[in-house]
Protein chains: 2
Amino acid sequence: MDRLIDAIERTQNPSVVGLDPTEALVPAQVVASFADEVRDSVDTPEEAPAAQLAVAFYEFNRTIIDAVAGIVPAVKPQIAMYEALGPAGIDVYTMTCEYAAEQGLYVLADVKRGDIGSTAAAYAHMLTGVNAGASAEAGSAGAGAHDPWHVDAVTVNPYLGTDGITPFVDAAKTADKDLFVLVRTSNPSSSELQMLDLADGSKVYEHVADLVERWGADTIGEHGYSRVGAVVGATHPQEGRALRERMPRTFFLVPGYGAQGGTAADVRGMFDANGSGAIVNSSRGIIGAWRTSGRYRKDMSADDALALVFDTAREAATAMRDDLRAVL
Amino acid sequence: MDRLIDAIERTQNPSVVGLDPTEALVPAQVVASFADEVRDSVDTPEEAPAAQLAVAFYEFNRTIIDAVAGIVPAVKPQIAMYEALGPAGIDVYTMTCEYAAEQGLYVLADVKRGDIGSTAAAYAHMLTGVNAGASAEAGSAGAGAHDPWHVDAVTVNPYLGTDGITPFVDAAKTADKDLFVLVRTSNPSSSELQMLDLADGSKVYEHVADLVERWGADTIGEHGYSRVGAVVGATHPQEGRALRERMPRTFFLVPGYGAQGGTAADVRGMFDANGSGAIVNSSRGIIGAWRTSGRYRKDMSADDALALVFDTAREAATAMRDDLRAVL
């Protein structure tokens with residue numbers, strides 16, 4: 001986790017921008033501007049709209065990345081938005097991660113993977129890359145000569161227990177990368193499982209928290225945090241504060257700020273006494289800031305719309321930084 | 001779930017073949033045979049081994065699919081094995097699903113996705129396809145004109161609760177497809193969370209089971225089972241038998257037969273009184289049968305090796321069918 005914490009200290013900004021594009025979040029004239037380019041590249045006309053949207057996602061993402069690089073330390077592309085478009089979307093996902101990494105950003109791949117051990121080992125190649133050939137097997141951990149994903153960390157689901165996590169921890173150690181395990185998610189129905197009362201008096205999410213702290217125990221970095229972070233939603237300020245005490249070596253990824261309702265005051269308790277220990281995500285609040293700016297016009301050119309996306313994203317990222325700084 | 005149950009009745013075989021290739025599971029001469037074809041298609045030499053393995057996975061999968069079509073009703077490609085290779089692997093994943101569907105097989109995409117509601121809605125496009133353009137948004141549910149994934153069902157993780165599941169249920173209804181939610185997984189450390197004792201006297205996985213039964217309640221098909229299935233590992237025969245009673249409207253996907261240790265006797269209790277209600281997966285036991293056949297030689301040609309893969313997969317799939325028939 002040291003690389004992320006260093007980047008946060010460099011920018012003095014514990015926030016991460018979620019790159020979660022949808023068709024509604026990309027100005028229509030930007031999508032339309034790629035119609036000609038895409039038409040000739042697809043095999044069937046049915047593929048064209050998704051391919052066009054994928055290309056538009058990439059242009060949109062590059063604009064956001066250019067706008068926030070230097071202000072924020074990290075981006076968090078949500079792979080679901082890209083998988084919705086099929087393989088064309090996955091191409092753009094990896095291109096987005098590569099571009100962000102080239103701009104010096106820490107890339108947190110929000111993929112929420114999780115499976116039994118042998119399968120988790122395959123997923124863990126997102127961290128290590130692959131070296132298919134004589135020396136390595138696709139299903140085995142180990143750094144590879146080819147890194148198609150270009151990510152610094154992944155999010156992982158804990159429902160399968162330790163053997164579904166260990167391959168990611170091993171991969172993180174091998175490749176100097178990190179993972180973040182879901183503990184207390186930001187969505188309304190997260191409590192259905194996570195808040196269940198256990199017979200021993202604790203809650204399910206507290207039990208998961210203890211597992212996460214243990215999973216990271218032998219990966220503590222120079223800043224005192226392990227490679228195994230936790231996802232703790234901004235929408236649960238009290239549990240977040242208690243988890244901060246319960247998990248002293250675990251860095252938090254905090255989604256749910258902004259559009260989902262979490263405020264800077266809500267996330268204050270998820271930081272440690274030094275103002276470290278957490279990074280707060282905002283997606284729509286930054287990448288969709290152009291929509292609420294009052295400055296968008298339907299008859300703008302695609303270039304002007306992208307310039308507005310750039311300006312509003314930069315303003316929103318700066319405002320979020322200052323909002324967090326004020327409480328830390 | 002009716003389409004799957006019809007296919008099981010047609011083949012008189014409640015088993016599904018896991019298409020989970022790794023480098024070790026594909027004969028080396030088959031991988032080698034694609035060296036020339038791949039060399040010219042990649043941008044950098046580093047990409048070549050992964051691209052070559054991806055092409056070999058596809059050839060291997062087609063061989064398995066040709067071997068088992070007509071014997072089994074369904075295949076279950078595990079996406080992790082393909083994601084390990086990056087976008088080249090994802091291309092082959094969707095091509096594999098498309099080829100299997102063309103051969104009349106029900107395609108169960110083992111993706112174990114799960115996220116907050118708005119993100120789950122994006123993932124649910126794996127079931128509905130996409131129709132990017134004026135009429136639909138990438139992040140919204142609804143059947144699309146373009147289906148890049150070619151799958152009939154997905155597996156989903158329950159850790160985020162109802163709002164992470166509803167978009168998949170809605171998509172399944174829209175597209176006449178299904179989902180399978182993790183309840184009791186087959187791996188050794190699954191018990192760390194799933195078997196925890198709750199304050200009300202039940203276990204975590206039993207609580208999840210009750211949620212799953214409820215999530216499917218208004219999607220009951222002609223055969224009496226809902227569109228929301230459950231993943232119940234063959235390695236837990238007693239819990240599986242109890243879950244069969246507890247979840248009368250929920251169809252089971254049962255992994256863990258064969259290489260993971262589960263037997264036909266172990267899975268008997270996961271079927272209903274009519275011998276329906278479950279489908280049992282085997283991956284390595286079928287796709288890796290060539291390795292344990294004693295008939296493989298390193299100096300075989302690639303064509304001969306694929307012929308052996310075909311014969312041994314067909315034999316293993318037939319043996320598994322007869323093994324299951326004997327207890328049902």
Side-chain angles (χ1 to χ4, degrees), chain A residues 22-24 46-47 49-50 52-53 78 80-81 83-88 90-91 94 112-117 119 122-123 125-126 130-133 137-139 145-146 148-149 157-164 182 185-194 196-199 204 207-208 211, chain B residues 22-24 46-47 49-50 52-53 78 80-81 83-88 90-91 94 112-117 119 122-123 125-126 130-133 137-139 145-146 148-149 157-164 182 185-194 196-199 204 207-208 211:
Chain A
T22 63
E23 190 169 9
E46 290 72 30
E47 294 172 44
Q52 186 177 338
L53 195 53
Q78 167 54 257
M81 306 307 173
E83 285 193 13
L85 303 179
I90 303 294
D91 285 344
T94 61
K112 297 191 175 66
R113 299 305 192 242
D115 213 302
I116 67 170
T119 306
Y123 278 132
H125 282 277
M126 281 189 173
V130 287
N131 185 11
E137 179 177 338
H146 172 49
W149 289 101
N157 188 303
Y159 193 69
L160 289 98
T162 299
D163 66 39
L182 305 187
T185 59
S186 59
N187 57 316
S189 54
S190 60
S191 300
E192 289 173 6
L193 250 79
Q194 299 163 25
L196 289 177
D197 290 311
L198 294 172
V204 166
H207 187 87
V208 175
L211 287 170
Chain B
T22 65
E23 192 169 6
E46 290 73 30
E47 295 171 45
Q52 187 177 338
L53 196 52
Q78 167 54 259
M81 306 308 174
E83 286 193 12
L85 303 179
I90 303 294
D91 285 343
T94 60
K112 297 190 175 67
R113 300 304 192 244
D115 212 301
I116 66 170
T119 307
Y123 277 133
H125 282 277
M126 281 189 172
V130 286
N131 183 13
E137 179 175 341
H146 172 48
W149 289 100
N157 188 303
Y159 193 68
L160 289 99
T162 299
D163 66 40
L182 305 186
T185 59
S186 59
N187 57 316
S189 55
S190 61
S191 299
E192 289 173 5
L193 250 79
Q194 298 162 24
L196 289 176
D197 290 310
L198 293 172
V204 166
H207 188 87
V208 175
L211 287 171

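Letters A, B, ... mirror the listed sequences (proteins, then strands); counts begin at 1.
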Of all residues at least two apart in sequence or in a different chain, which pass the side-chain contact (heavy atoms from CB on, under 4.5 Å) check with A/P148?
A/V130, A/H146, B/P87
Residue, of A/S186, A/P158, A/A88, that accumulates the most heavy atom pairs under 4.5 Å with chain B
A/P158
Taking the side chain as every heavy atom from C-beta outward, state whether A/V204 and B/V204 have any pair of such atoms under 4.5 Å apart.
yes
Under 4.5 Å between any side-chain heavy atoms of B/E83 and A/H125, yes or no?
no
Under 3.5 Å donor-acceptor, A/D163 side chain and B/S189 backbone:
yes
Choice from A/R113, A/E47, A/Q52 maximising heavy atom contacts with chain B below 4.5 Å:
A/R113
Part of B/T119 within contact of chain A (heavy atom distance under 4.5 Å):
both
Could you check if a side-chain atom of A/Y159 sits within less than 4.5 angstrom of a side-chain atom of B/K112, using non-hydrogen atoms only?
no
For B/S191, side-chain contact (heavy atoms from CB on, under 4.5 Å) partners two or more places apart:
B/R184, B/M195
State which residue, out of A/L193, A/L211, A/T162, fulfils the side-chain contact (heavy atoms from CB on, under 4.5 Å) condition with B/L193.
A/L211
Interatomic distance, CG@A/L198 vs CG@B/D197, rounded to 0.5 Å, equals 8.5 Å
Portion of B/Q78 that has a non-hydrogen atom of chain A nearer than 4.5 angstrom:
side chain
Of the non-hydrogen atoms in B/A122 and A/A80, which two are nearest, and what is the gap between them?
CB-O, 3.5 Å
I need the residue from A/D91, A/V208, A/I90, A/L196 with the largest number of non-hydrogen atom pairs under 4.5 Å to chain B.
A/L196
Given 3.5 Å as the limit, does a donor-acceptor pair link the side chain of B/S190 with the main chain of A/L160, or not?
no
Given a strict heavy-atom distance threshold of 4.5 Å, which part of A/T185 is in contact with chain B: side chain, backbone, both, or neither?
side chain
Nearest 0.5 angstrom please: B/N157 CG to A/D115 CG, how far?
9.5 Å
